[in-house]
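Data block below; observations after.
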Amino acid sequence: MSKKRRIVIALGGNALGNTLPEQMTAVKITAKAIVDLIEEGCEVVVAHGNGPQVGMVNNAMIALTHEDEQQPNTPLSVCVAMSQAYIGYDLQNALREELLNRGITDIPVATMITQVRVDENDPAFLSPSKPIGKFVTAEQAKMMEENFHYVMKEDSGRGWRRVVASPKPVEIIEIGTIRTMVSSGDLVIACGGGGIPVTRQGNHLKGASAVIDKDFASCLLAKELDADYLIILTAVEKVALNFGKPEEQWLDEVSVKEAEQYIQEGHFAPGSMLPKVEAAMDFAASKPGRTALITLLEKSRDAVQGKTGTTFHL
């Protein structure tokens with residue numbers, strides 16, 4: 001029997017929806033695309049974002065402090081953990097149902113609540129830039145700064161939002177358990193929302209007020225699991241040069257060296273396509289034979305077959 005191709009999938013926000021009802025609908029579509037890959041003979045590990053979800057949890061926890069003065073503010077790391085659990089709950093149930101619907105009964109599905117260590121000296125902590133949560137007034141922003149020590153920034157005339165650091169992932173704390181589960185044939189959901197950000201203090205892991213980019217965390221997960229493919233799913237079928245311009249050019253295949261040149265030329269938007277391209281480059285460059293793909297969720301099976309998507313290689 002030929003060895004299964006091991007794939008780490010990084011699900012974008014469009015694969016999860018923005019509200020609880022949207023999420024329950026979205027994960028059913030997502031599950032079909034993932035099980036398509038399993039039927040294709042792939043061994044799949046799932047990572048995902050949590051942008052809308054962690055903001056919703058954070059807002060709910062803030063509302064709780066307003067209702068009960070004795071209730072302390074909930075750390076962002078705990079909000080990430082909460083989002084991991086409830087996204088994982090919906091995802092694993094949708095995946096299990098889809099597997100059973102197709103007569104696949106020998107693949108257990110499980111969510112690993114995953115901590116990801118970041119460097120407490122990462123320069124990102126000196127310049128928080130990742131917006132989370134809802135827009136608030138200047139008065140509310142001042143109150144949050146004073147009461148919770150949040151960093152608040154005005155956002156293009158739309159109001160004020162909390163911004164947090166987005167440090168690079170250094171270590172996946174539960175990687176040993178994840179490896180064991182994957183090797184046992186489990187379909188594992190891990191590193192949700194980029195992982196719960198923690199710093200190491202001796203033997204203690206301390207939650208950090210940060211969010212980790214899910215594409216960089218997925219890249220680290222794929223390398224640690226010695227995956228063959230990293231598939232980063234997003235809102236477009238392929239990566240483009242001059243995106244949205246008359247001279248727009250869709251890319252089928254890109255070498256790491258070519259991608260570096262395109263980045264220098266400013267083709268990819270920071271906070272949007274740039275981190276996806278950087279993560280794809282990092283994985284493709286990490287070992288000969290590794291391939292990264294960027295494409296649409298519903299095109300993931302075609303991308304693995306080489307029919308679409310943007311492929312990154314050495």
Side-chain angles (χ1 to χ4, degrees), residues 2-16 26 29-49 191 194 213-223 225-314:
S2 60
K3 179 179 176 290
K4 289 186 176 182
R5 290 170 291 177
R6 180 171 290 179
I7 295 177
V8 170
I9 293 180
L11 297 175
N14 59 323
L16 299 171
I29 299 168
T30 300
K32 292 181 186 299
I34 292 171
V35 177
D36 280 348
L37 291 174
I38 292 171
E39 285 192 328
E40 197 67 26
C42 299
E43 185 180 69
V44 180
V45 181
V46 180
H48 61 80
C191 293
D213 186 282
K214 70 100 173 48
D215 297 315
F216 293 137
S218 300
C219 174
L220 179 59
L221 179 63
K223 289 192 289 186
L225 292 175
D226 196 22
D228 301 295
Y229 286 86
L230 170 65
I231 303 181
I232 298 174
L233 301 176
T234 186
V236 291
E237 187 169 341
K238 297 180 181 181
V239 178
L241 303 180
N242 302 305
F243 182 70
K245 298 177 182 178
E247 62 273 27
E248 181 177 80
Q249 177 188 347
W250 298 102
L251 300 174
D252 297 320
E253 192 173 341
V254 188
S255 71
V256 171
K257 188 173 181 180
E258 288 170 335
E260 288 172 349
Q261 181 64 37
Y262 296 148
I263 288 173
Q264 290 176 8
E265 293 170 358
H267 283 286
F268 311 123
S272 179
M273 186 56 74
L274 180 59
K276 301 180 194 313
V277 170
E278 289 176 333
M281 291 167 56
D282 186 356
F283 180 73
S286 62
K287 186 178 178 180
R290 287 179 174 173
T291 302
L293 292 161
I294 297 179
T295 193
L296 281 166
L297 169 70
E298 54 268 32
K299 296 287 186 177
S300 50
R301 176 185 244 172
D302 288 342
V304 168
Q305 293 175 344
K307 297 177 181 177
T308 191
T310 302
T311 302
F312 291 77
H313 58 80
L314 266 176

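Quick caveat: nothing in here was measured; it's all calculated off a predicted structure. We count residues from 1, following the sequence as given.
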When you look at NZ of Lys32, are more than 12 heavy atoms from neighbouring residues, nucleotides or ligands closer to it than 6.0 Å?
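Result for NZ/Lys32: open.
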
For Lys238, the option from Thr308, Leu293, Leu296 that meets side-chain contact (heavy atoms from CB on, under 4.5 Å)
Thr308

Residue pair Phe216, Asp282: steps toward the side chain to side chain contact (heavy atoms under 4.5 Å, CB included) verdict
CA-CA 9 Å; Phe216 293 137; Asp282 186 356; 5.7 Å; no

When rounded to the nearest 0.5 angstrom, what is the spacing between [atom1] in [X] and [atom2] in [Y]?
X	Y	atom1	atom2	value
Ser300	Leu37	OG	CG	4.5 Å
Ile34	Ile29	CD1	CD1	12.0 Å
Thr310	Glu237	OG1	CD	9.0 Å
Thr234	Lys276	OG1	NZ	4.5 Å
Thr311	Leu251	OG1	CG	10.5 Å
Ser218	Leu11	OG	CG	8.5 Å

Start with the C-alpha distance between Ile263 and Met281, add both sets of side-chain angles, then the distance that settles side chain to side chain contact (heavy atoms under 4.5 Å, CB included), and finish with yes or no.
CA-CA 11 Å; Ile263 288 173; Met281 291 167 56; 3.5 Å; yes

Grab the two heavy atoms, one from [X] and one from [Y], that are nearest each other, plus how far apart they are.
X	Y	answer
Ala259	Phe268	O-CE1, 4.4 Å
Ala10	Asp215	CB-OD1, 4.1 Å
Lys223	Ser286	CD-CB, 3.4 Å
Leu314	Val256	CA-CG2, 4.2 Å
Asp213	Pro275	OD2-CB, 3.6 Å
Phe283	Ala227	CZ-O, 3.3 Å

Could you walk me through whether Ile7 and Glu43 pass side chain to side chain contact (heavy atoms under 4.5 Å, CB included), step by step?
CA-CA 6 Å; Ile7 295 177; Glu43 185 180 69; over 6 Å; no

Please step through side chain to side chain contact (heavy atoms under 4.5 Å, CB included) for the pair Val254 and Val277, ending with a clear verdict.
CA-CA 10 Å; Val254 188; Val277 170; over 6 Å; no

Salt bridge (charged side-chain N to carboxylate O under 4.0 Å, His left out) partner of Asp226, chosen from Arg6, Arg290, Arg5:
Arg290

Would you say the side-chain atoms of Glu265 and Gln261 include a donor-acceptor pair closer than 3.5 Å?
yes

Backbone N or O of Val35 within a donor-acceptor pair of the Glu39 side chain at under 3.5 Å?
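Checking the backbone N and O of Val35 against the side chain of Glu39, no donor-acceptor pair under 3.5 Å is found.
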
Could you check if a side-chain atom of His313 sits within less than 4.5 angstrom of a side-chain atom of Ser255, using non-hydrogen atoms only?
yes

